[in-house]
Every structure is written in C-alpha cells, then in structure tokens.
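These figures come from a predicted structure and were not determined experimentally. Residue indices begin at 1 and follow the sequence shown.
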Amino acid sequence: MSNPKFRVRRILIPDWHRSVAGVYEVEATPRGASIPAFRLRTRFPVDVMSASRQPGSLLAQTNQIEPRLASSIVQEADRAAGKRGILWAKFAKTEEPGLWCGSEKDHTEPEWPVSSAQERMVLMQCQWMAEWFSRKMGQPALHETYSLLSRGTPGPALEQLLATVRKGGTPVPRRYANTFERLALVCGLPDDVATSIWSFVSPTDGVNFWSELLPLPRIRVCWVPEVEDELVEIEFTPIGSSEPEWVETKKFPTGWVPGPSEAREVLNDLLDRDFAKSLTDLIEDEQYAPAHRWLSLFRQDELE
C-alpha cells in the first residue's frame with residue numbers, strides 16, 4: 001500500500017498580523033486512497049500533519065508523518081510562497097495562495113473522477129468518514145471503499161461503511177451518526193438506510209474513547225458572504241440533540257483595529273474561553289477564502 005500523502009501551501013493574507021503568523025492550507029490523502037480525506041486552513045500545519053492537533057490526530061497511525069518531515073514540508077511551502085511587504089498586507093484586498101509542496105515529489109492536484117466543486121467536496125467528506133472507520137475495517141473492505149470513492153461513487157462507499165458497522169456491532173458516536181446521515185442523504189441513499197446508523201449510537205453516547213471527541217455542544221460558524229459589514233452566522237445544537245436549536249447572525253469585526261465583537265461574546269458564553277478562541281482563530285483564517293464554509297471545533301461538525 002502507498003504512503004499517506006500530505007500537501008501544504010502558505011496563504012498570504014491581506015492582514016499583517018495574521019500574514020506574519022502564517023496561515024496554511026493542508027491536504028491529507030490516506031494510504032491506498034486517491035481522494036483526500038481533508039483540505040483545510042490552519043495556523044498549525046506541522047501539528048495537523050503529525051497528529052498533535054485535530055483533525056490530524058484522528059487519522060490512523062499509518063496515515064501520520066513525523067514532525068520533522070512535516071516541518072520540512074512547511075519550510076518548503078514558506079519558501080515557495082515568497083514574501084510580501086507591510087504595505088501589501090495593509091492595502092491588498094484578496095489573498096494570494098503559494099505553491100503546493102508535499103511529502104511526495106508530485107504536488108499536482110489529485111485526479112478527481114468528478115468535475116464540480118460540490119461533488120468533489122462530497123467525495124472528500126466521504127473519504128474522511130471512511131478514514132474514521134478504517135481502524136474498524138479489514139483491508140479488503142477498506143480497499144473496496146477507497147476504490148468506490150476513487151470511481152466517484154460515494155453512495156455505495158457509505159453502504160460499505162454501514163455494512164462494516166453492522167457486521168462488527170461497532171458503537172458509533174452521535175457526532176459521527178449525524179454526519180453519516182447527512183452525507184448519506186446527500187449521496188441519494190434511501191431514508192431508512194441513512195437513519196439505520198442510529199441503531200448503533202449508545203443512549204449515553206459514551207463511545208468517545210476511540211473518536212477523541214469531547215462532550216461539547218455542536219457549534220458551527222460561517223461567514224455571511226457579499227455584505228459590507230463583517231457578519232457571521234452562528235448555529236447552536238445542544239449536547240444530546242441532532243437538530244440546531246437556533247441560528248443567529250452576529251458582527252465579527254477584524255482588521256487592524258477591530259471594534260466590539262458580538263460573535264466573540266456569544267461564543268465565549270457558549271464555550272470555555274480556550275475553546276472559543278480556537279474557534280474564532282478558525283473564523284479569522286477563513287475570512288478571505290474564495291468560498292466560505294461552516295467551521296467548528298470538530299471536523300465532524302463541519303461536514304454537510
């Protein structure tokens with residue numbers, strides 16, 4: 001089986017403080033797969049690749065790399081991106097992505113079996129879910145799942161995962177079940193198939209020992225596009241629930257001298273301050289992204 005593949009590129013942000021700190025896009029492709037399991041922005045690319053930080057810490061050990069190798073990839077990405085002066089960071093309106101660098105000599109885009117960005121996102125999310133369950137699957141089932149995804153057929157791949165759960169009686173965390181049901185419906189699986197995953201969720205949801213999840217509410221945040229004010233949507237789902245309780249739009253000013261932030265106040269009230277800061281860091285890093293997406297402390301909660 002091939003080695004895991006990681007690609008990194010530095011994103012030059014038109015904000016001097018964040019640009020100096022460094023924002024990176026990291027892509028991870030598991031061993032034996034051709035579809036990436038995730039592509040996301042982070043200020044801590046070495047930690048993500050070497051499993052010191054989520055979502056990299058959720059990867060199986062065979063899909064992790066040594067910190068020294070991860071650090072060398074990031075250094076190469078820094079050199080490839082070049083540098084911009086303080087005036088560029090202050091007055092530029094759009095970000096500039098650097099060149100991809102990686103653990104393999106070939107840094108080109110994966111060979112996608114589908115063309116649209118939405119279809120590719122669905123495949124990547126299904127690949128991520130397959131990686132979650134990879135340690136619960138035998139090699140033949142895992143190979144077949146990866147093969148189905150490489151052919152652009154996520155529905156049958158999810159059915160393969162469900163068959164593995166049924167066969168092993170694997171307990172499934174509520175967050176995983178939520179994600180599986182959403183993805184299964186997007187991929188066109190019947191309602192009864194999509195919801196059957198819930199029969200493997202414990203009433204107490206006490207199966208976090210293999211999923212590295214914490215008992216926190218599901219909180220997702222997304223930038224509101226194409227508005228002059230800096231606004232974000234905040235979605236709140238209580239612990240033990242599968243449906244959002246409320247969605248609110250709040251101001252999230254950034255830049256050189258940000259004003260009062262309604263969004264920060266709400267997140268600080270909902271989460272411990274350290275968790276809230278981790279989430280607001282993610283929001284800031286995504287401000288200039290070409291397409292906005294839901295962000296959360298847990299990668300599982302971001303998937304649609």
Side-chain angles (χ1 to χ4, degrees), residues 23 25 37-43 53-55 58 117-118 120-122 124-126 128-129 132 158 172-187 191 194-195 197-198 201 205 208 211-254 258-304:
V23 178
E25 197 164 17
F38 61 77
R39 180 186 289 179
L40 53 79
R41 293 185 176 213
T42 177
R43 300 182 191 185
R53 181 178 292 265
Q54 287 207 24
L58 286 174
Q118 180 60 33
R120 291 180 178 184
M121 181 59 67
V122 169
M124 199 154 29
Q125 291 176 350
C126 290
W128 174 230
M129 178 168 289
W132 295 345
L158 291 180
V172 177
R174 177 179 294 274
R175 273 189 160 91
Y176 286 15
N178 272 323
T179 307
F180 182 93
E181 181 182 359
R182 293 197 305 271
L183 277 178
L185 293 174
V186 168
C187 294
D191 288 359
T195 58
I197 192 75
W198 286 101
V201 176
D205 196 22
N208 294 331
S211 57
E212 296 190 20
L213 298 175
L214 296 172
L216 295 172
R218 180 176 180 240
I219 297 173
R220 304 200 304 168
V221 184
C222 183
W223 283 100
V224 177
E226 299 178 0
V227 294
E228 291 187 5
D229 293 331
E230 294 177 305
L231 301 175
V232 295
E233 277 190 314
I234 302 176
E235 177 192 271
F236 174 78
T237 303
I239 294 175
S241 177
S242 301
E243 297 296 329
E245 185 173 284
W246 52 259
V247 178
E248 295 182 359
T249 300
K250 298 293 182 181
K251 290 184 178 180
F252 189 84
T254 60
S261 176
E262 298 174 344
R264 291 180 192 272
E265 293 178 5
V266 170
L267 294 175
N268 283 336
D269 289 341
L270 295 174
L271 296 166
D272 176 273
R273 186 170 294 273
D274 289 338
F275 288 128
K277 185 181 185 306
S278 296
L279 185 51
T280 54
D281 285 348
L282 289 174
I283 300 167
E284 289 181 346
D285 294 344
E286 285 279 339
Q287 182 177 8
Y288 296 97
H292 295 307
R293 61 189 179 90
W294 284 107
L295 302 165
S296 175
L297 288 171
F298 298 111
R299 180 68 174 163
Q300 297 86 341
D301 294 348
E302 295 177 358
L303 308 190
E304 291 296 338

Between atom [atom1] of [X] and atom [atom2] of [Y], what is the distance when rounded to the nearest 0.5 Å?
X    : Y    : atom1 : atom2 : result
T179 : W128 : OG1   : CH2   : 10.5 Å
R293 : L40  : CZ    : CG    : 6.0 Å
I197 : L183 : CD1   : CG    : 11.5 Å

Margin query: Could you walk me through whether M129 and Y176 satisfy the side chain to side chain contact (heavy atoms under 4.5 Å, CB included) test, starting with their C-alpha distance in whole Å, then the side-chain angles of each, then the deciding distance to 0.1 Å, before giving a yes or no?
Written below: CA-CA 8 Å; M129 178 168 289; Y176 286 15; 5.8 Å; no
Review point. Can you tell me if E245 uses its side chain to pair, donor with acceptor, with the backbone of F236 under 3.5 Å?
Key: no
Any side-chain to backbone donor/acceptor pair from S261 onto P253? Under 3.5 Å, distance only.
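No; zero donor-acceptor contacts below 3.5 Å.
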Does any non-hydrogen side-chain atom of [Y] lie less than 4.5 Å from one of [X]?
X    : Y    : value
D269 : V266 : no
L158 : C187 : yes
L297 : I219 : no
L185 : F180 : no
Q125 : M121 : yes

List the atom of [X], the atom of [Y], and the distance in Å for their closest heavy-atom pair.
X    : Y    : result
A263 : V232 : CB-CG2, 3.7 Å
K250 : I234 : CG-CD1, 4.1 Å
T249 : E233 : OG1-CG, 3.8 Å
T237 : E243 : CG2-O, 3.4 Å
I283 : L295 : CA-CD1, 3.8 Å
R220 : S296 : CG-CB, 4.3 Å

Practice item. Would you sort out whether E284 and R264 count as a salt bridge (charged side-chain N to carboxylate O under 4.0 Å, His left out), showing the intermediate values? Key: CA-CA 11 Å; E284 289 181 346; R264 291 180 192 272; 2.4 Å; yes
From the list T280, L231, V224, V221, side-chain contact (heavy atoms from CB on, under 4.5 Å) partner of F252 resolves to T280
- Query: Given V122 and C126, is the side chain to side chain contact (heavy atoms under 4.5 Å, CB included) satisfied, shown in steps?
  - Reply: CA-CA 6 Å; V122 169; C126 290; 4.2 Å; yes
message: Is a donor from one side chain sitting under 3.5 angstrom from an acceptor on the other, for W223 and E286?
response: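 Distance-only check fails for W223 and E286.
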Would you sort out whether V172 and W198 count as a side chain to side chain contact (heavy atoms under 4.5 Å, CB included), showing the intermediate values?
CA-CA 8 Å; V172 177; W198 286 101; over 6 Å; no
